[in-house]
Amino acid sequence: MFKPIGITSGQFTILSALKRNEPVRISDMADLLGMDRTTLTRNLKPLETMKLVAIQPDARDRRIRSLTLTAKGRVLLKQAVPLWRKAQKESNRRIGANRWDELRPTLDFLSA
């Protein structure tokens, strides 16, 4: 679904999680996304190369690296959200709203 704008669904998740007004520590972002720091760092490299994400020393502790969504990243995220909504709408159509309601308790349990 994101092929037209050159990102993957995993990259969309990272960009969405970075839509904040202040930098986020890499370790905090890894916890938020439920992945280890090394995996997140590996997944950030292409986003940094595309200049969608900036990685810089933390303002309070220069040993810690923090993440911000760049202006280019915000523009791309605005393009990605309608694509994501369209994919969600199509998934709901295929699965059916009633089926989602049946699955929700299981999904909530698994994500806890």
Side-chain angles (χ1 to χ4, degrees):
M1 79 184 108
F2 297 118
K3 194 173 269 191
I5 58 173
I7 62 171
T8 66
S9 59
Q11 291 169 333
F12 171 76
T13 300
I14 293 170
L15 294 173
S16 296
L18 282 173
K19 190 177 176 192
R20 303 160 181 260
N21 292 327
E22 55 189 49
V24 180
R25 292 176 175 193
I26 289 179
S27 57
D28 293 339
M29 182 60 62
D31 290 343
L32 176 71
L33 296 174
M35 61 176 61
D36 64 68
R37 192 174 182 274
T38 305
T39 301
L40 176 59
T41 300
R42 186 174 54 250
N43 285 290
L44 287 168
K45 289 191 186 298
L47 296 173
E48 186 180 28
T49 299
M50 291 186 285
K51 302 202 182 310
L52 303 174
V53 171
I55 303 173
Q56 66 275 337
D58 186 75
R60 292 171 290 246
D61 185 342
R62 298 193 59 77
R63 296 171 295 174
I64 298 171
R65 295 184 310 150
S66 292
L67 307 168
T68 54
L69 190 61
T70 64
K72 184 177 178 181
R74 289 184 187 281
V75 168
L76 188 121
L77 190 55
K78 275 188 175 183
Q79 295 171 345
V81 168
L83 297 173
W84 178 81
R85 285 190 179 134
K86 182 179 177 185
Q88 294 303 305
K89 193 173 186 178
E90 178 62 19
S91 292
N92 288 339
R93 186 189 67 73
R94 286 184 177 183
I95 294 173
N98 293 338
R99 187 70 178 134
W100 278 118
D101 291 339
E102 294 171 15
L103 290 171
R104 191 165 319 283
T106 302
L107 295 171
D108 290 343
F109 173 77
L110 292 173
S111 66

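None of these values were measured; they are calculated from a predicted model. For this chain, numbers begin at 1 and follow the sequence in order.
- Here the closest heavy-atom approach between residue Lys19 and residue Arg74 is recorded as CG-NH1, 3.9 Å.
- For the pair Met50 and Gln11, the minimum side-chain heavy-atom distance is below 4.5 Å.
- In this structure, Leu47 CG and Phe12 CZ are separated by 12.5 Å, a value rounded to the nearest 0.5 Å.
- Side-chain contact between Ile14 and Leu67: absent, with no pair of heavy atoms (C-beta onward) separated by less than 4.5 Å.
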* **Worked verdict on Thr41 versus Arg65 for side chain to side chain contact (heavy atoms under 4.5 Å, CB included)** => CA-CA 10 Å; Thr41 300; Arg65 295 184 310 150; 3.7 Å; yes
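- Here the shortest heavy-atom pairing between Leu18 and Leu69 reads O-CB, 3.9 Å.
- Placement of Ile64 and Val53 in two distinct hydrophobic clusters is found when ILVMFWY residues are connected by side-chain heavy-atom separations under 4.5 Å, directly or transitively.
- Checked against salt bridge (Lys or Arg N to Asp or Glu O under 4.0 Å), Arg60 has the following partners two or more places apart in sequence or in another chain: Asp58.
- Looking at residues two or more places apart in sequence or on another chain, you find no side-chain hydrogen bond (donor to acceptor under 3.5 Å, both in side chains) involving Arg85.
- With sequence neighbours left out, Leu83 forms a side chain to side chain contact (heavy atoms under 4.5 Å, CB included) with Phe2, Ile5.
- Hydrophobic clustering (side-chain heavy atoms under 4.5 Å, transitive across Ile, Leu, Val, Met, Phe, Trp, Tyr) keeps Val75 apart from Val81.
- Among residues two or more places apart in sequence or in another chain, the salt bridge (Lys or Arg N to Asp or Glu O under 4.0 Å) test is passed with Arg62 by none.
- When atom types are taken as modelled, the side chain of Thr70 and the backbone of Leu52 share a donor-acceptor pair closer than 3.5 angstrom.
- Checked against side chain to side chain contact (heavy atoms under 4.5 Å, CB included), Thr13 has the following partners two or more places apart in sequence or in another chain: Leu33.
- For Thr39, the side chain to side chain contact (heavy atoms under 4.5 Å, CB included) criterion is met by Met35, Asp36, Arg42, Asn43, not counting sequence neighbours.
- Leu15 and Leu77 get closest at one heavy-atom pair: O-CD2, 3.7 Å.
- Atoms CD1 and OG, on Ile26 and Ser66 in that order, are 7.5 Å from each other to the nearest 0.5 Å.
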